[in-house]
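These notes are about the structure you will find just below.
Quick note: residue numbers are just sequence positions, from 1. Hydrogens, waters and symmetry mates are skipped; everything else that's a heavy atom, side chains included, is used.
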Amino acid sequence: MKDTPFRAMEKKALDEVRLRHLQEGVTLDPVIISMGELYLTGMEMRGLHSNQIGKLWNSFRKRVAEIDRRQNHESVYYALIELTGTEWEVSYTACVEVSGAGRTPEGMIDKILPRATYAVFSHKGIRGNFTFLTRTKNR
């Protein structure tokens, strides 16, 4: 199967280090939070092309200082993955929180994460700590 599309499905063996990471580094039980609207500005690409996501982040990090409406200049980064069409098309956006409407640098876009209840999962890894928000069903 080495030369087939199924290669991505191959997994590395679970050893003691990987088991400890799964136990200690990933939250399986989410924290449920209610959030108001979150205004974001960033750079977007259509589709989930794993070989392009790193390039998007490199480009965005080089340009993040151009966003003068940043809420946190220590740069808390967000990654949005959204369904954009009827055929399971997706967009991926690398972004930071901003203070509402204003000037958007050329080549960037604004997004609004709606007021909602979210399930929050965290992942502590070698490349940093990540928080994943999943919108829960509105009640």
Side-chain angles (χ1 to χ4, degrees):
M1 288 185 25
K2 296 272 185 220
D3 297 323
T4 70
F6 296 103
R7 183 177 177 133
M9 296 174 67
E10 294 176 17
K11 302 289 182 191
K12 293 183 180 178
L14 279 176
D15 58 14
E16 184 179 339
V17 172
R18 290 187 187 285
L19 285 171
R20 189 171 38 247
H21 171 73
L22 288 173
Q23 182 181 12
E24 299 170 7
V26 179
T27 60
L28 300 179
D29 297 321
V31 174
I32 306 297
I33 63 168
S34 292
M35 289 179 32
E37 286 184 330
L38 189 63
Y39 296 90
L40 304 165
T41 296
M43 295 172 67
E44 178 184 61
M45 65 180 232
R46 297 292 174 152
L48 281 178
H49 309 287
S50 59
N51 61 335
Q52 297 297 316
I53 291 173
K55 291 177 185 176
L56 174 70
W57 276 105
N58 286 337
S59 296
F60 180 63
R61 285 187 176 134
K62 289 176 185 174
R63 296 193 56 208
V64 72
E66 297 174 35
I67 305 170
D68 55 11
R69 301 176 289 132
R70 281 184 296 164
Q71 285 288 85
N72 179 352
H73 287 277
E74 308 231 342
S75 295
V76 174
Y77 293 96
Y78 293 85
L80 295 180
I81 300 171
E82 302 172 284
L83 289 175
T84 57
T86 57
E87 298 295 321
W88 291 94
E89 299 137 340
V90 296
S91 71
Y92 185 100
T93 308
C95 50
V96 293
E97 185 177 358
V98 296
S99 59
R103 187 186 75 77
T104 303
E106 186 175 335
M108 294 192 191
I109 60 168
D110 292 323
K111 298 265 184 167
I112 299 175
L113 199 61
R115 173 187 313 266
T117 301
Y118 293 88
V120 180
F121 297 87
S122 63
H123 174 260
K124 296 174 184 157
I126 296 169
R127 294 187 178 144
N129 298 328
F130 301 91
T131 299
F132 301 92
L133 299 174
T134 301
R135 189 170 166 184
T136 62
K137 191 173 188 176
N138 290 335
R139 296 184 179 125

(Q) I need the full list of salt bridge (charged side-chain N to carboxylate O under 4.0 Å, His left out) pairs touching residues 44-60, with sequence neighbours left out, sorted by first then second residue. (A) Glu44-Arg46, Glu44-Lys111
Q: State, to 0.1 Å, how close Phe60 and Ile67 come at their nearest heavy-atom pair, and which atoms those are.
A: CE1-CD1, 3.9 Å
Q: Give the cluster check for Tyr92 versus Val90: same hydrophobic cluster or not, with ILVMFWY residues linked at side-chain heavy-atom distances below 4.5 Å.
A: yes
Q) Step by step, would you call Tyr78 with Leu113 a side chain to side chain contact (heavy atoms under 4.5 Å, CB included)? A) CA-CA 11 Å; Tyr78 293 85; Leu113 199 61; 5.8 Å; no
(Q) Just to verify, what does Glu66 make a side-chain hydrogen bond (donor to acceptor under 3.5 Å, both in side chains) with, not counting sequence neighbours? (A) Arg63
Q: Take Leu40 and Thr93 through the side chain to side chain contact (heavy atoms under 4.5 Å, CB included) test and state the conclusion after the steps.
A: CA-CA 10 Å; Leu40 304 165; Thr93 308; over 6 Å; no
Q. Are Ile109 and Leu56 connected in a single hydrophobic cluster, I mean Ile/Leu/Val/Met/Phe/Trp/Tyr linked by side-chain heavy atoms less than 4.5 Å apart?
A. no
Q. What residues, two or more places apart in sequence or in another chain, satisfy side-chain contact (heavy atoms from CB on, under 4.5 Å) together with Arg61?
A. Trp57, Tyr77
Q. Can you get from Leu38 to Ile33 by hopping between Ile, Leu, Val, Met, Phe, Trp and Tyr side chains that sit under 4.5 Å apart?
A. yes
**Q.** Approximate separation, where rounding is to 0.5 Å, of Gln52 CD and Asn58 CG
**A.** 11.0 Å
Q | Ile112: side-chain contact (heavy atoms from CB on, under 4.5 Å) partners, not counting sequence neighbours | A | Glu37, Tyr39
Q.
Counting C-beta onward and ignoring hydrogens, is there a side-chain heavy-atom pair between Thr41 and Arg70 closer than 4.5 Å?
A. no
**Q.** With Ser99 via side-chain contact (heavy atoms from CB on, under 4.5 Å) - residues at least two apart
**A.** Arg69, Gln71
Q.
Using 0.5 Å steps for rounding, measure from the CD1 atom of Ile32 to the OH atom of Tyr118.
A. 12.5 Å
